[in-house]
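As a basis for the values below, the full set of heavy atoms in this structure was taken, side chains included, without hydrogen atoms, waters or symmetry mates. Numbers here simply count residues along the sequence, with the first being 1. Since this is a predicted model, take the numbers as computed values, not measurements.
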Amino acid sequence: MITFENLEVRYQAAPSPALRGLTLSLERGIVGLLGPNGAGKSTLLKALLGLLKPSGGSGTVLGVALGAPEAAKLRGRIGYMPEYDALIEDTSAYEQVAFWGELSGLAPEAARDRAHEVLYFVGLDESRYRAVSGYSTGMRQRVKLAQALVHSPELIFLDEPTNGLDPDGRRRMLDLVLRVHAELGTGVILASHLLADVERVADQLVILDQGEIKAAGSMAGLRRALARRVELRFLDPLDAAQEPALTELGTVLEARNGLYDLELLEADPSAAFRWAQAHGATLIQVTPRHDRLDEVLLRALHPALPPASPLSQNPAKPDSEPSNSSDGNGH
């Protein structure tokens with residue numbers, strides 16, 4: 001679906017590239033482009049859309065080379081939902097989506113028919129003739145999604161699609177993203193700084209920071225590669241000599257009734273069995289506790305970050321819920 005090799009994008013007068021050394025191949029699906037504000041997510045989208053010319057390296061989108069003469073034709077095969085609102089306030093959603101369909105290459109009659117279809121798909125069929133000036137934030141976001149879909153693209157780019165939405169609005173938008181891929185067969189690149197959004201919909205993940213790829217791959221594969229936390233169950237509680245020796249395996253996060261949560265030094269759970277054999281302990285179960293996405297993100301951005309919640313401090317319970325204090329929601 002998308003490939004790039006040593007891709008670099010530089011803004012004029014900028015001291016360093018906005019993107020540098022990006023090498024990656026993405027399969028068709030829902031790809032979450034994750035990173036903090038300023039990581040380079042929007043710059044990458046603009047480069048893939050052909051709005052920014054790479055200053056180095058190469059890349060393709062749907063088989064078309066970035067910056068190639070035929071790249072303009074690519075815009076008829078892709079859709080783009082921008083982060084910022086640029087709707088025409090005194091015009092109905094139907095008129096705008098139909099107009100955007102014509103701009104994307106559809107004949108006027110086909111554009112009008114498709115406008116009805118996509119507005120129904122996004123749940124705005126009953127409001128399609130109203131001026132968008134009276135729309136809520138969630139409705140305005142759905143108009144933007146409709147215009148990205150009106151010409152039946154093979155691939156759409158969504159830049160912060162839940163921006164400004166409350167929890168219910170975010171849920172509705174993410175449900176639509178899943179339907180776009182499942183029902184329409186459209187590939188999706190979703191750029192966001194909200195971990196929960198990406199975790200909910202994406203099957204592939206690219207973590208970007210300071211213009212560089214910090215980690216990339218399938219969601220399940222990244223969890224396995226970056227997860228080092230395991231729960232060990234012994235037949236009997238470890239004795240006073242055995243328990244301190246667990247530090248040979250990694251950092252003990254919690255101990256309770258013969259169960260030990262560890263942050264392994266290496267992502268190899270089988271090392272626990274070798275340790276048990278060497279120390280005369282009977283290990284009966286090793287349970288990987290795959291990292292939540294926030295832990296995967298922190299590991300990718302800060303690989304030297306020491307493990308949280310050592311045993312000597314107040315450890316977080318392994319089944320505790322992630323905090324929602326910084327999800328950026330609001331009307």
Side-chain angles (χ1 to χ4, degrees), residues 1-12 14 16-35 39-83 100-101 103-106 144-145 147-161 177-178 180-182 184-192 198 201-222 225 300:
M1 184 169 68
I2 292 176
T3 62
F4 34 88
E5 184 172 354
N6 293 321
L7 185 69
E8 179 177 295
V9 174
R10 182 185 294 271
Y11 291 104
Q12 285 187 340
S16 60
L19 299 174
R20 54 184 174 273
L22 271 60
T23 298
L24 189 64
S25 179
L26 299 173
E27 302 296 329
R28 185 177 295 272
I30 301 179
V31 179
L33 183 57
L34 186 63
K41 302 186 298 296
S42 294
T43 298
L44 178 57
L45 291 187
K46 291 174 182 176
L48 297 176
L49 287 164
L51 302 177
L52 291 175
K53 185 177 180 180
S55 54
S58 62
T60 64
V61 178
L62 301 176
V64 178
L66 297 180
E70 63 271 21
K73 300 178 182 178
L74 181 64
R75 295 178 189 172
R77 302 170 58 193
I78 59 178
Y80 176 48
M81 177 181 172
E83 177 181 3
W100 285 319
L103 289 180
S104 299
L106 297 179
K144 289 160 58 179
L145 178 60
Q147 64 84 18
L149 294 171
V150 66
H151 56 300
S152 303
E154 301 170 47
L155 172 66
I156 61 171
F157 298 85
L158 309 179
D159 195 357
E160 302 286 356
V177 172
L178 289 169
V180 164
H181 180 61
L184 305 181
T186 308
V188 178
I189 305 292
L190 185 152
S192 179
V198 172
V201 301
D203 50 45
Q204 299 170 73
L205 179 65
V206 178
I207 299 176
L208 197 66
D209 187 37
Q210 296 181 349
E212 297 180 343
I213 294 174
K214 299 299 184 180
S218 71
M219 191 73 76
L222 280 172

Inset, instruction - Give, for atom CG of L45 and atom CG of L33, the distance between the pair rounded to the nearest 0.5 Å. - result: 6.0 Å

Cut-off 3.5 Å, no hydrogens considered: what does the side-chain donor-acceptor table look like for residues 154-161, sequence neighbours left out?
{"unit_1": "E154", "atom_1": "OE1", "unit_2": "R77", "atom_2": "NH2", "d": "3.3"}
{"unit_1": "E154", "atom_1": "OE2", "unit_2": "R77", "atom_2": "NE", "d": "2.7"}
{"unit_1": "E154", "atom_1": "OE2", "unit_2": "R77", "atom_2": "NH2", "d": "3.4"}
{"unit_1": "D159", "atom_1": "OD2", "unit_2": "S42", "atom_2": "OG", "d": "2.9"}
{"unit_1": "E160", "atom_1": "OE1", "unit_2": "H193", "atom_2": "ND1", "d": "3.2"}
{"unit_1": "E160", "atom_1": "OE2", "unit_2": "H193", "atom_2": "N", "d": "3.3"}
{"unit_1": "E160", "atom_1": "OE2", "unit_2": "H193", "atom_2": "ND1", "d": "3.1"}

Inset, instruction - Look at the side chain of T23 and the backbone N and O of N6, then say whether any donor-acceptor pair between them is shorter than 3.5 Å. - result: yes

Legend entry - Test item: E212 side-chain N/O and L19 main-chain N/O as donor-acceptor pair under 3.5 Å: no

Inset, instruction - Please step through side chain to side chain contact (heavy atoms under 4.5 Å, CB included) for the pair L190 and V31, ending with a clear verdict. - result: CA-CA 6 Å; L190 185 152; V31 179; over 6 Å; no

Inset, instruction - Drop me the distance from I189's CD1 to M81's CE, to the nearest 0.5 angstrom. - result: 15.0 Å

Inset, instruction - Begin from the C-alpha positions of T3 and T60 and carry the test side-chain hydrogen bond (donor to acceptor under 3.5 Å, both in side chains) through to its verdict. - result: CA-CA 5 Å; T3 62; T60 64; 2.6 Å; yes

Legend entry - Working for side chain to side chain contact (heavy atoms under 4.5 Å, CB included), residues I207 and I213: CA-CA 6 Å; I207 299 176; I213 294 174; over 6 Å; no

Inset, instruction - Would you confirm whether H151, through its side chain, and S104, through its main-chain N or O, come within 3.5 Å as a donor-acceptor pair? - result: no

Inset, instruction - Determine yes or no for a side-chain-to-main-chain donor-acceptor pair under 3.5 angstrom, with K41 supplying the side chain and G35 the backbone. - result: yes

Inset, instruction - Tell me, please, which residues at least two apart from S58 pass side chain to side chain contact (heavy atoms under 4.5 Å, CB included). - result: E5

Legend entry - Whether over 12 other heavy atoms sit under 6.0 Å from Q210 CD: no

